[in-house]
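A short worksheet on the structure shown next.
In listed order, ligands and their atoms are each counted from 1.
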Amino acid sequence: MTTNPSPDLLNRRESFYRELEPHAMAALWTRLRRLIPTEPTPTGLAHRWAYATARPYLMESATLISAEEAERRVLLMENPGLPGTSRVTNTMYAGLQLIQPGEVAPAHRHTQSALRFIIEGSGAYTAVDGEKTYMEPGDFVITPAWTWHHHGHEGDAPMIWVDGLDIPIVSFFNGGFREEFAADEAPVTRPAGDALARYGTGLMPVGYKAPTLNSPVFNYPYARTRDALYALLRAGDPDRHAGYLMRYTNPVDGGWAMPTIATMIRLLPAGFSTSPYRSTDSTVFICVEGSGHVMVGDQRLEIQPHDIVVVPGWARYTLHAGDDLVLFSYSDRVAQEKLGLFREQRF
Ligand code: 1HN
């Protein structure tokens, strides 16, 4: 039963609330509905960063600072709905990193997990936990939390990739640690390709015990991924809401490749449009090849190769392929699943 409070009662309530403030207390009933919304209302906006716009700025940045001096020469994507936060979504970070031939991005480690999704160039490597991997466009590379890592470039043209990190998640838990290595380069103790050979061919060393929650495979080469997507295309129809959608897995347990960031890749054949879908994980899409557009509600975002697009959680969206469209995506879905929070809806 709601009664109509008298003006006198309303005044007494207001002064009561003010009295609580200096005691670091507040009345829940003034905040309950905002605290516990009926459904998610993410503060991030749908947005597209055109690679054609971003790339010239990234190249200009190389005339202003070296990779060594910057530590990481990155232009970060900041969601226009989250100004000043360095966040691309409420829980994820995204940036475009440039390394020039001969440069080294010095070794460090941190408790934030990172992924690299390679955009252009050849001949650069990242060394992670004692193993170098040479990166090619479309490769998905993992830098697990607290592993020493540095990058170098033995090729002859600019090398650019997207960094995806779980920085806001780690910061929510106040779990951030960072350390610089004593030298620019951390020791490399295994040959390039070692992890892929040991763990990434459907085989596993007998008695292998995973030392971390990450996949021991830390480079998923695009050549293999692309072959798999096109094999699916030849074999049957795409999923109505997702296209030919695959997730990157940890071969140790079949789970997601990383403990906090869910990574997926999909092919949408030329002319294909998905039916409306939404999920609670705000998602970052990177266009690998092809073109098309995303509709988020009635907002249309064009997609060209290497563009980055974010779709806020619980917003209804559809994907549309012009030519064959390959989209990589990452989100906090794996963390939400572990916490029992993940929901999705197909229309
Ligand atoms: C980092 O370590 C890298 O290793 C890239 O390339 C971007 C953004 C924030 C914090 C650490 C890298 C990063 C980062």
Q: Decide whether a cation-pi geometry holds between Arg316 and Phe347; the criteria are a distance under 6.0 Å from NZ or CZ to the six-membered ring centre and an angle within 45° of the ring axis.
A: yes
Q. Are Arg333 and Phe342 in a cation-pi contact, defined as NZ or CZ under 6.0 Å from the six-membered ring centre and within 45° of the axis?
A. yes
(Q) For Glu19, is the CD atom crowded, meaning more than 12 foreign heavy atoms sit under 6.0 Å from it? (A) no
Q. How about Tyr208: does its OH atom have over 12 heavy atoms from other parts shown lying under 6.0 Å from it?
A. yes
Q: Look at the side chain of Glu179 and the backbone N and O of His108, then say whether any donor-acceptor pair between them is shorter than 3.5 Å.
A: no
Q. Is it true that Trp161 and His151 have ring centroids separated by less than 6.0 Å?
A. yes
Identify all pairs of nitrogen or oxygen atoms, one from ligand 1 and one from the protein, separated by less than 3.5 Å, and list them with distances.
residue: ligand 1; atom: 2 (O); partner: His108; partner atom: NE2; Å: 2.6
residue: ligand 1; atom: 2 (O); partner: His110; partner atom: NE2; Å: 2.7
residue: ligand 1; atom: 2 (O); partner: His149; partner atom: NE2; Å: 3.4
residue: ligand 1; atom: 4 (O); partner: Arg72; partner atom: NE; Å: 2.8
residue: ligand 1; atom: 4 (O); partner: Arg72; partner atom: NH2; Å: 3.4
residue: ligand 1; atom: 4 (O); partner: Arg116; partner atom: NH2; Å: 3.1
residue: ligand 1; atom: 4 (O); partner: His149; partner atom: NE2; Å: 2.9
residue: ligand 1; atom: 4 (O); partner: His151; partner atom: NE2; Å: 3.4
residue: ligand 1; atom: 6 (O); partner: Arg72; partner atom: NE; Å: 2.9
residue: ligand 1; atom: 6 (O); partner: Gln97; partner atom: NE2; Å: 2.9
residue: ligand 1; atom: 6 (O); partner: Arg116; partner atom: NH1; Å: 3.0
residue: ligand 1; atom: 6 (O); partner: His151; partner atom: NE2; Å: 2.6

